[in-house]
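Hydrogens, waters and symmetry mates play no part in the numbers below; they use all other heavy atoms, side chains included. Order of appearance sets the numbers: ligands from 1, and atoms from 1 within every ligand.
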Amino acid sequence: MKILAFETSCDETSVAITKGTGVIVNYTRSQLVHSEFGGIVPELAAREHIRYIKPLTDRALQDASLKMDDIDAIAVTYGPGLASSLMVGLVFAKTIAQITGKKLIGVNHLEGHIFSVLIDYPHLKPPFISLIVSGGHTELILVEDWFRYRLLGETVDDAAGEAFDKVARLLGLPYPGGPQIDRLAKEGNPQFVKFTIPRIKSGPLNFSFSGIKTAVRILIEKNPPEWVEKHRADIAASFQETVVQMLFRNVEKAVRMTGVEKVAVVGGVSLNSRLREVFRENLKEVYFPSKEYCMDNAAMIGVAGYYRLKAGFESDLSLPAVPDLPLEYVNDYE
Ligand code: KG4
Ligand code: ZN
């Protein structure tokens, strides 16, 4: 089954053609227009999606040597994400589905991230633990079965990637900050600042990143600029180390609590080199998507769509964009 997939929930315009868990083409255009603003400007994001979705689709079909007739179904992210950005992909996907009469499947963006790991590891089967760490999400999920998710923990404030982006900004680094901190941290001492790992009352597997972000801000404010300049790499390394340890501790606890030893880490922050090192050294079985499938991409939407269609799910043309779409969980873990 060949699927033409679209992902426009945030600041990446992505079009892919997938076949099962295989990727025929995946073209992702990251929007650079936001870098001078230190965050995403929704109106600019939507405009860029409008400008690039059609050329990317034409190129995908052309490079795959396929015609629209060769496509079996259309998959599209319908939430969560920015309303106007989601609308661009959704209207485009629904229009093609309506004109061609092809099947349409709406995919939850978080479910897309969960399935992203199957592109490199097609034989991975539930149960496994999935840690989704991106610019907008930090969720620790037990995938009990396909489409059967149990929420083990989530952030009570900022997302992990958001913390990287905000701390990068405090250090004068451009957006997105995660890769910048990752790079700078390699030259720094991770033990230079001892940040505390917060205890979170709302749940043993929840996360909180706003405290460490504030701690970095205070550290920068109360020290002379020359000192901050001299120790930028040390601050970046100490911050990164603490965040990685926070993520790792909860995953380790989740493995103990559930008895499930397979762990997948997905989303933009799963690209972090120190995170990969710590998780690989300390977990029995850990899976990371390759780089192009960590960040937002349409290939993961195509793969999740394939699993959904195969299981009998299908959307119709009334499929709405749902900016706050949650992943559907079975009862919270006790
Ligand atoms: O999954 P993604 O592309 O988009 C969202 O759905 O949010 O994730 C983007 C996030 C950004 O916050 C970015 O700073 C972070 O992933 N990121 C990283 C690294 N590469 C990207 N964070 C830490 N280390 C990295 N190497
Ligand atoms: Zn994402």
Side-chain angles (χ1 to χ4, degrees), residues 5-14 16 26 28-32 34-35 37-40 42 45 49 77-82 85-86 89 107-117 130-139 141 155 158-171 173-186 188 190 207 209 212-213 236-237 239-248 264-279 288-301 303-304 323 325-327:
F6 301 100
E7 157 62 46
T8 64
S9 67
C10 196
D11 62 340
E12 261 95 24
T13 315
S14 188
N26 177 58
T28 303
R29 187 185 176 280
S30 296
Q31 303 176 351
L32 302 174
H34 310 287
S35 62
F37 302 101
I40 296 157
H49 290 312
T77 305
Y78 73 109
L82 298 169
S85 288
L86 287 167
V107 174
N108 182 308
H109 179 81
L110 295 174
E111 187 166 75
H113 275 300
I114 291 174
F115 277 86
S116 68
V117 77
S130 186
L131 174 67
I132 306 178
V133 268
S134 71
H137 299 276
T138 308
E139 261 151 273
I141 295 161
T155 182
D158 293 348
E162 193 180 353
F164 270 94
D165 295 335
K166 286 179 176 170
V167 166
R169 203 175 179 186
L170 291 170
L171 291 171
L173 299 165
Y175 178 86
Q180 305 280 342
I181 290 195
D182 196 345
R183 190 183 39 77
L184 187 61
K186 290 192 175 30
F207 305 92
F209 300 104
I212 184 163
K213 173 199 66 193
F239 160 77
Q240 175 177 273
E241 188 62 26
T242 313
V243 170
V244 168
Q245 293 302 336
M246 277 155 81
L247 293 169
F248 177 70
V265 190
V266 298
V269 182
S270 74
L271 278 172
N272 186 268
S273 56
R274 180 62 186 148
L275 181 148
R276 289 194 173 206
E277 196 171 78
V278 170
F279 279 56
F288 297 101
S290 51
K291 182 173 180 188
E292 90 176 283
Y293 309 124
C294 287
M295 51 190 254
D296 287 349
N297 67 89
M300 68 185 192
I301 302 303
V303 173
L325 183 71
L327 197 60

Discussion item. Considering non-hydrogen atoms of the protein only, which is the closest contact for atom 9 (C) of ligand 1, and what is the distance?
Written reply: Gly135 N, 3.7 Å
Item to complete: Looking only at N, O or S atoms, find the one in Asp296 nearest to the Zn ion (ligand 2) and name it.
Response: OD1
Discussion item. If we ignore hydrogens and angles and just use 3.5 Å, is the side chain of Ser14 paired with the main-chain N or O of Asn297 as donor and acceptor?
Written reply: no
Worksheet item: Out of curiosity, Glu12 CD to Thr77 OG1, how far, rounded to the nearest 0.5 Å?
Response: 11.5 Å
Response to the item:
The atoms of ligand 1 lying under 4.0 Å from a heavy atom of Met295, numbered in the order shown, are 3 (O)
Response to the item:
Scanning both residues in full, the closest heavy-atom pair of Ile141 with Leu327 reads CD1-CD2, 3.8 Å
Discussion item. When you measure from the heavy atoms of His113 to every atom of ligand 1, does any distance fall below 4.0 Å?
Written reply: yes
Worksheet item: Among all protein non-hydrogen atoms, which one is nearest to atom 18 (C) of ligand 1, and what is the separation to 0.1 Å?
Response: Gly178 CA, 3.4 Å
Response to the item:
Near Gly161 (heavy-atom distance under 4.0 Å), the atoms of ligand 1 are 12 (O)
Worksheet item: Is the gap between the ring centers of Phe164 and Phe209 under 6.0 Å?
Response: no
Fill in: Between OG on residue Ser270 and CZ on residue Arg276, distance to nearest 0.5 Å
5.0 Å
Item to complete: Look up atom CG in Leu247 and atom CZ in Phe207, then write down how far apart they are to the nearest 0.5 Å.
Response: 5.5 Å
Worksheet item: Counting distance only, does the side-chain N/O of Thr8 pair as donor-acceptor with the main-chain N or O of Ser85 below 3.5 Å?
Response: yes
Fill in: Side-chain donor-acceptor contact under 3.5 Å, Ser290 with Glu292
no
Discussion item. Among all protein heavy atoms in this structure, tell me which lies nearest to atom 17 (N) of ligand 1, with the distance rounded to 0.1 Å.
Written reply: Gly268 O, 3.6 Å
Worksheet item: Checking Gln31 side chain against Ala45 main chain: does a donor-acceptor pair fall under 3.5 Å?
Response: yes
Discussion item. Just so I know, are the side chains of Lys186 and Ser273 near enough to count as touching, which here means a heavy-atom distance under 4.5 Å?
Written reply: yes
Worksheet item: Nearest protein heavy-atom contact for atom 13 (C) of ligand 1: which residue, which atom, what distance?
Response: Asp165 OD1, 3.8 Å
Worksheet, complete the sentence: Ser134 heavy atoms within 4.0 Å reach ligand 1 at atoms 1 (O), 5 (C), 6 (O), 7 (O), 8 (O)
Worksheet item: So does His113 have any N/O/S atom less than 2.8 Å away from the Zn ion (ligand 2)?
Response: yes
Fill in: Under 4.0 Å to a heavy atom of Gly136 - the qualifying atoms of ligand 1, by number
7 (O)
Worksheet item: Among protein heavy atoms, which sits nearest to atom 24 (N) of ligand 1, and what does the distance come to when rounded to 0.1 Å?
Response: Asn272 ND2, 3.0 Å
Discussion item. Please classify the His137 to ligand 1 contact at 4.0 Å (heavy-atom distances, strictly less than): side chain, backbone, both or neither.
Written reply: neither
Practice prompt. Indicate, as side chain, backbone, both or neither, the part of His109 found under 4.0 angstrom from ligand 1 when only non-hydrogen atoms are considered.
Written response: side chain
Item to complete: May I ask whether Cys294 places a heavy atom under 4.0 Å from ligand 1?
Response: yes
Discussion item. Looking only at N, O or S atoms, which one in His109 sits nearest to the Zn ion (ligand 2)?
Written reply: NE2
Practice prompt. For atom 26 (N) of ligand 1, find the nearest protein heavy atom and state the residue, atom name and distance (0.1 Å precision).
Written response: Asp182 OD2, 2.8 Å
Worksheet item: So is Gly267 polar-close to ligand 1, meaning N/O to N/O under 3.5 Å?
Response: no
Worksheet item: Is there a donor-acceptor pair under 3.5 Å between the side chain of Asn108 and the backbone N or O of Pro326?
Response: yes
